[in-house]
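Report on the following structure.
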Amino acid sequence: MDTSQIAPTLTDTEVLEFCKHGYLLLDGVVPEEINRKTVAFVDKNTSLEPTDILDESWFVENVILNPAAAGAVRSLLGVGFETPVLMSNHRVHMPAPQQGWHRDGGSRYGPALHYLQVFYYPEACTAEMGPTEVLPGSHFLFQHSSMMGHYGNLRHAVKTVASAGSIFLTVYSIWHRRSVSTARGVRNLLKYNYWRTSPPARDWVIEPDFDFAQADYAFVLRGLRQQFRDALDASEMFFWLCGKSREYQTMGGQGWPMPGHRNASPRGYPGEPTAARY
């Protein structure tokens, strides 16, 4: 499938926010007619892997290549990204208990972003329907899934309550779980991956006044991570996505990219002469 003509839609700030949070929710972007056709399809094909829906042109055009979603994927994975070849459906008969926290198998940690895990709600998903719950910023927080399942409610977790036709993109390694449902009926949630085929480059929507040295890289999950680790990880991922991973460096201490109300530019910004003087 040729995706080379898809234009990026995210800005510098939005890409950086994705680096910090690890997910992006696009609410209600799929047309209602397509949502109804999707529900009818998965009600007929109740497999947990209804991959044959990827052979349906109406689904590919309106969900896989949905303008809002595909533009965001293009921004994060670059030109010519590959579309999904496997479809999962987390089809749940409600009410159902919550899952344990986990990260999906095959997760790798680090600044590189070679693929995205994407979810599609063909029906509105309320809090009573047990929406997927994510822990923002946890895509940088390593833990074995076998050691996470006993965790209960996490203070910073977010339930992805959303309208019908919503799509949300995640870093594959983000911590997530199905939350408890109290409603009755069936909840469908389709999940799939997109893949990078080109080297990372800052070729999304450039903000002329975006300042790499002064940008806010911090996303603090108090009590969950070591001080400033959030800013270090987010800035490194952002530099990687910009194709600047070889330039990336930090001096430590109170230097870049640590947050603070300084009276001058932060010390140690990559490319700054003082950063590599010794």
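Along the sequence shown, the residues carry numbers beginning at 1.
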Check: [X] side chain, [Y] main-chain N or O, donor-acceptor pair, under 3.5 Å:
| X | Y | answer |
| --- | --- | --- |
| T132 | T160 | no |
| S75 | L10 | yes |
| S179 | E133 | no |
| T51 | L86 | no |
| S4 | G80 | no |
| T3 | I6 | no |

Heavy-atom nearest pair, P111 first then M237, reads O-CG, 3.5 Å
Determine the minimum heavy-atom distance between Y109 and S138, stating which atoms define it.
CE2-O, 4.1 Å
Around atom [atom1] of [X], are there more than 12 heavy atoms from other residues, nucleotides or ligands closer than 6.0 Å?
| X | atom1 | result |
| --- | --- | --- |
| Q214 | CD | yes |
| E207 | CD | yes |
| K244 | NZ | no |

For residues 62-71, tabulate all N or O donor-acceptor pairs below 3.5 Å that involve a side-chain atom, not counting sequence neighbours.
from : atom 1 : to  : atom 2 : distance (Å)
N62  : ND2    : W58 : O      : 2.8
N66  : OD1    : A68 : N      : 3.1
N66  : OD1    : A69 : N      : 3.2
N66  : ND2    : V29 : O      : 3.1
N66  : ND2    : N62 : O      : 3.1

If you measure only the distance, is there a donor-acceptor pair under 3.5 Å linking the side chains of [X] and [Y]?
| X | Y | answer |
| --- | --- | --- |
| Y192 | T83 | no |
| D27 | Y121 | no |
| E128 | T126 | yes |

Regarding R74 and D203, does a basic nitrogen lie under 4.0 Å from an acidic carboxylate oxygen?
yes
Electrostatic pair R36-E33, nearest N-O below 4.0 angstrom
no
Say you draw a straight line from [atom1] of [X] to [atom2] of [Y]; how long is it, rounded to the nearest 0.5 Å?
| X | Y | atom1 | atom2 | result |
| --- | --- | --- | --- | --- |
| W240 | Y248 | CH2 | OH | 15.0 Å |
| W256 | R262 | CH2 | CZ | 11.0 Å |
| M87 | E49 | CE | CD | 10.5 Å |
| K37 | F59 | NZ | CZ | 11.5 Å |

Ring centers of F219, F238 separated by less than 6.0 Å
no
Result for side chain to side chain contact (heavy atoms under 4.5 Å, CB included) between R187 and one of H93, E123, R91, R178 points to R178
Under 4.5 Å side-chain heavy-atom separation, chaining through any Ile, Leu, Val, Met, Phe, Trp or Tyr, what else clusters with Y172? Say none if it is isolated.
Y115, W195
Between L189 and I174, is there a shared hydrophobic cluster once you connect ILVMFWY residues whose side-chain heavy atoms come closer than 4.5 Å?
no
